[in-house]
Every structure is written in C-alpha cells, then in structure tokens.
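Notes follow once the structure below has been shown.
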Amino acid sequence: MRVGIGYDVHKLVEGRKLILGGVEVPFEKGLLGHSDGDVLLHAICDALLGAVGKGDIGQHFPDADPEYKDISSLILLEKVKGLIKEYRINNIDSIVIAQEPKLTPYLEKMKENIAKVLKIDKDKINIKATTTEKLGPMGRGEGIAAYAMVSLE
C-alpha cells in the first residue's frame, strides 16, 4: 500500500471563475493561477503523485509552460492518472478550506467529476468543506486551500 498527501492554496481575485473539483461555483471571485486554479484537484494530483514518488504537479505541468495556461485541472488530473496507471486507487479523502462560498451544494458533483476522470467508484472519494472561523488568510476571504490524502495499491 502507498499513501500520499497533497496541499494547494490560491489567492481569490476578481475577474476569474471559481472552479473547484471541476465545478464552476457561483461566486464574485475566482482563484488566481496559471491553470484554472482548482486547489482541490491540484491537491489530489499532488497526493497521487506523492504516493508513487513522482514529485508534484509543478514538476509535470510547470506554470511557465504556455501549454497549461488556463487549462482545466480535470485534464491535469487525467494526465496524472496516466502517470500512476500501474496503481489502483483505494480511496481519496480531501478537505477544502474556504470562508465562503458555501460548498456543500457542489460536493456531490465534484465527487462525480473526480470519479469519472479517475475511473473509480464515487464512494471511494470523500470531500469535506470547512471554514477557519474567520481566522487567517482563508478566514479573511483572501484565498482557498485544499488538502488531500490518497491510498493506492
């Protein structure tokens, strides 16, 4: 068995769509990033790569490469799936940290998106959403962060 952990954080800015788990979440700000800024999928990608000792998404999809400018992180997740194809995903557990917006209405669709790309049952994916009770940068609404852990065989 192999396990991996991933983390990502991006700043919230005006003029960008908020994409989390491949879902466009209605909000007045979005996440700044070279790609679509999807911190949840980036954390999952890093956890998957880390579990098999293949670095992180920045090594595989550098933010200086114009090929990845504004790319959907669902595509990055699909590419990561190809890099770990010799392993079976047992489960993914993740948490998104955001003071707002409320994410509960979108969690099921996020799980569906991830399951479809990774070709695993949706019940192997857990996504939680929490706030920081208005503490720190996430609590002030300056950004959104995500953690993910994976188990592979």
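The figures here come from the full heavy-atom set of this structure, side chains too, leaving out hydrogens, waters and symmetry mates.
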Find out whether L18 and L31 are in side-chain contact, i.e. whether some heavy atom of one side chain is under 4.5 Å from a heavy atom of the other. yes
To the nearest 0.5 Å, tell me how far L41 CG sits from N113 CG. 8.0 Å
Write down the atom of N90, the atom of M1, and the distance for their closest heavy-atom approach. ND2-CG, 4.4 Å
Starting from L48, can I reach I71 by hopping between I/L/V/M/F/W/Y residues whose side chains sit under 4.5 Å apart? yes
Closest approach of M110 and L20, non-hydrogen atoms and distance? CG-O, 3.4 Å
Check the hydrophobic clustering (I, L, V, M, F, W, Y; side-chain heavy atoms under 4.5 Å; chains of links allowed) and say if L77 and V52 are grouped together. yes
Under 4.5 Å between any side-chain heavy atoms of Q99 and K134, yes or no? yes
In terms of hydrophobic clustering (I, L, V, M, F, W, Y; side-chain heavy atoms under 4.5 Å; direct or indirect links), are I57 and I19 co-clustered? no
Shortest non-hydrogen pair, V150 vs A51, comes out as CG2-CB, 4.0 Å
What heavy-atom pair brings Y106 and P26 nearest, and what distance separates the two atoms? OH-CD, 3.3 Å
Hydrophobic clusters here meaning ILVMFWY residues chained together by side-chain heavy-atom distances under 4.5 Å, can you tell me if L74 and I84 are in one? yes
If I take atom CZ from residue F27 and atom CG from residue L103, how far apart are they, to the nearest 0.5 angstrom? 9.5 Å
F61 side, atom CZ; Y68 side, atom OH - distance, nearest 0.5 Å: 5.5 Å
Min side-chain heavy-atom separation I114-L40 under 4.5 Å: yes
Does some side-chain heavy atom of I125 sit less than 4.5 Å from a side-chain heavy atom of L118? no
Counting only heavy atoms not in E86 (residues, nucleotides, ligands), do more than 12 fall under 6.0 Å from its CD? yes
Is there a side-chain contact between I44 and I92 (heavy atoms, below 4.5 Å)? yes
Side-chain heavy-atom pair I97, Y147 within 4.5 angstrom cut-off: yes
Side chain proximity check, L152 to R88, heavy atoms < 4.5 angstrom: no
Heavy-atom closest contact (L49 atom, D56 atom, distance): CD1-C, 3.5 Å
Please step through salt bridge (charged side-chain N to carboxylate O under 4.0 Å, His left out) for the pair E153 and R2, ending with a clear verdict. CA-CA 6 Å; E153 294 270 346; R2 312 277 306 231; over 6 Å; no
To the nearest 0.5 Å, how far apart are CG in D70 and NE2 in H34? 7.5 Å
So, does D38 use its side chain to make a donor-acceptor pair with the main chain of G22 at under 3.5 Å? yes
Reported NZ-to-CD distance for the pair K54 and Q59, which is rounded to 0.5 angstrom: 12.0 Å
List the residues meeting side-chain hydrogen bond (donor to acceptor under 3.5 Å, both in side chains) with N126, not counting sequence neighbours, and say none if there are none. D93
Could you tell me how the ring of H42 sits relative to the ring of H10: parallel (under 30°), tilted (30 to 60°) or perpendicular (over 60°)? perpendicular
Heavy-atom count around K128 NZ within 6.0 Å, excluding the residue itself: above 12? yes
Roughly how far, to the nearest 0.5 Å, is the OG atom of S94 from the NZ atom of K111? 9.5 Å
For E112 and K122: C-alpha separation, side-chain torsions, deciding distance, then whether salt bridge (charged side-chain N to carboxylate O under 4.0 Å, His left out) applies. CA-CA 6 Å; E112 289 171 8; K122 191 172 60 167; 3.8 Å; yes
In terms of hydrophobic clustering (I, L, V, M, F, W, Y; side-chain heavy atoms under 4.5 Å; direct or indirect links), are I95 and V25 co-clustered? no
K124 atom NZ, neighbour heavy-atom count above 12 within 6.0 Å: yes
Would you check if L12 and L32 make a side-chain contact, meaning some heavy-atom pair closer than 4.5 Å? no
Of all heavy-atom pairs between V23 and K109, which one has the smallest distance, and what is that distance? CG2-CG, 3.5 Å
With sequence neighbours excluded, what pairs up with D36 under the side-chain hydrogen bond (donor to acceptor under 3.5 Å, both in side chains) test? S73
Is K69 atom NZ crowded by more than 12 heavy atoms from other residues, nucleotides or ligands, each under 6.0 Å away? yes
